[in-house]
Amino acid sequence: MTVDRRSVLRSASRLAALSAAGGLAAACGAPSDGRGANGASVAARPQPVHLTESPAPSASPSPSPSPTATPFALPPLAPDTPQEVVTGPHSRPQLALTFHGQGDPAIATALLETAEQRGARLTVLAVGSWLDEQPQIAQRILSGGHELGNHTQNHLDICSMSADQAREEIAQCAQRLERLTGSIGRWFRPSAAQYATRTVKEQAQQVGYAHVLSFDVDPRDYADPGADAVTRRVLKSARAGSVVALHMGHPGTVTALPAILDGLAEQGLHAVTASELCA
């Protein structure tokens, strides 16, 4: 099915104007210090401005609807799936487009619709405070055949927290996911970091997440470099098995998605959920 590019561009343009007026929530996700899957240190990198300002903890969750549908049955993961997944198998023509879940729900909906029109399935790692504000978005993600996971409650620098603080950040988001969908989801992604520290991995396991989802491709769309730049960066770096980190709260990402999916198709690659990638 073809995409009405004019509709997507008009929506993105309108939302960009709202963003300039302060109407869109900030999204983040740049890597910070941590430990890689092989235990090697990751070099410190300058944090974008939106990661250096800690958002205020969310207020008590507002009443939310009971789950009206259950998540799609997840395929079993391959036995050799590591605790921290950075890439999937390179032997199949698949990759995972994963999204930081936060920001204006109209942008999120436009992005989901664009993916669905091209038969792509995404993985959304939701911020719990976003689910408090937009509880309906959880079922919208699942109803489109996408996967939903945990990206902490307040999107703070989790790798700098104590064990108790980290566990609470993970658990609060898990509680929202379970209340809204009946499941905490399979994947946890640390906030403000590419890789999880040993402490964060241990706390995630205590909450119920056997696997942490990292990524190997970061087009830095959170910096709003423009749709062309986002598209170019993804297509230059993505390979079979890649896990690409993108963000829902940015109109430029919506505008870039059709060209990204078209370019991937030309390379013989198809976007599947993280669970499908690692099955």
Side-chain angles (χ1 to χ4, degrees), residues 29 31-40 42 70-92 94-101 121-128 131 138 141-142 145-153 155 157-159 161 163 166-178 180-218 238-246 271-279:
S32 70
D33 286 353
R35 306 290 297 182
N38 61 2
V42 178
T70 56
F72 290 99
L74 297 175
L77 299 183
D80 59 349
T81 301
Q83 182 183 10
E84 183 160 39
V85 172
V86 179
T87 67
H90 303 295
S91 57
R92 300 193 299 263
Q94 300 174 336
L95 82 173
L97 299 181
T98 67
F99 287 81
H100 166 111
R121 290 183 294 278
L122 313 177
T123 298
V124 179
L125 293 310
V127 176
L131 296 177
I141 291 166
L142 294 177
H146 312 289
E147 189 168 17
L148 187 59
N150 184 323
H151 198 35
T152 75
Q153 177 62 21
H155 204 277
D157 183 0
I158 194 168
C159 291
M161 294 181 180
R167 184 171 64 254
E168 185 66 12
E169 274 290 304
I170 301 167
Q172 285 185 24
C173 185
Q175 290 163 6
R176 277 117 177 112
L177 288 167
E178 187 165 29
L180 292 170
T181 72
S183 169
I184 68 171
R186 169 173 279 164
W187 302 103
F188 164 72
R189 173 171 287 171
S191 50
Q194 180 173 3
Y195 304 111
T197 62
R198 178 180 297 178
T199 296
V200 170
K201 291 177 186 177
E202 290 171 349
Q203 300 314 307
Q205 282 190 318
Q206 288 192 24
V207 175
Y209 295 98
H211 298 280
V212 173
L213 185 61
S214 182
F215 50 88
D216 66 315
V217 178
D218 179 10
R239 301 290 185 270
S242 283
V243 179
V244 184
L246 292 160
V272 299
T273 66
S275 286
E276 291 173 311
L277 184 68
C278 297

Identify each donor-acceptor pair in which a side-chain atom of residues 73-82 lies under 3.5 Å from a protein atom, sequence neighbours left out, and give them as a table.
unit_1, atom_1, unit_2, atom_2, d
Thr81, OG1, Ala78, N, 3.4
Thr81, OG1, Ala78, O, 2.8

Any side-chain heavy atom of [X] sitting closer than 4.5 Å to one from [Y]?
X	Y	result
Ile158	Ser191	yes
Leu213	Phe215	no
His211	Glu84	no
Ser275	Trp187	yes
Phe99	Leu125	no
Met161	Arg167	no

[atom1]/[X] to [atom2]/[Y] distance, rounded to the nearest 0.5 angstrom?
X	Y	atom1	atom2	answer
Ile141	Thr181	CD1	OG1	10.0 Å
Leu97	Thr273	CG	OG1	11.0 Å
Arg198	Cys159	CZ	SG	13.5 Å

- Going through the checks in order, is the side chain to side chain contact (heavy atoms under 4.5 Å, CB included) test met by Gln205 and Gln83? CA-CA 10 Å; Gln205 282 190 318; Gln83 182 183 10; 3.4 Å; yes
Could you tell me whether a side-chain N or O of [X] sits under 3.5 Å from a main-chain N or O of [Y], the two making a donor and an acceptor?
X	Y	value
Asn150	Ile170	yes
His151	Arg189	yes
Gln153	Val127	no
Thr98	Val244	yes
His146	Leu122	yes
Gln194	Ser214	no
Thr123	Ala274	yes
Tyr195	Pro190	no

Which atom pair, heavy atoms only, marks the closest approach of [X] to [Y]?
X	Y	answer
Leu277	Gly241	CD2-O, 3.7 Å
Leu95	Ala238	CD1-CB, 3.7 Å
Leu177	Tyr209	CD1-OH, 3.9 Å
Val212	Ala196	CG1-CB, 4.1 Å

- Query: Quick one: do the Gln206 and Glu202 side chains pair a donor with an acceptor below 3.5 Å?
  - Reply: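 No pair is found: no donor N or O on one side chain lies under 3.5 Å from an acceptor on the other.
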- Query: Do we see a donor-acceptor contact under 3.5 Å between the side chains of Ser242 and Asp216?
  - Reply: yes
- Message: List the residues meeting salt bridge (charged side-chain N to carboxylate O under 4.0 Å, His left out) with Glu276, not counting sequence neighbours, and say none if there are none.
- Response: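 If we apply the salt bridge (charged side-chain N to carboxylate O under 4.0 Å, His left out) test to Glu276, skipping adjacent residues, the hits are Arg121.
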- Note on the structure: Hits for side-chain hydrogen bond (donor to acceptor under 3.5 Å, both in side chains) against Arg239, two or more places apart or cross-chain, chain-then-number order -> none
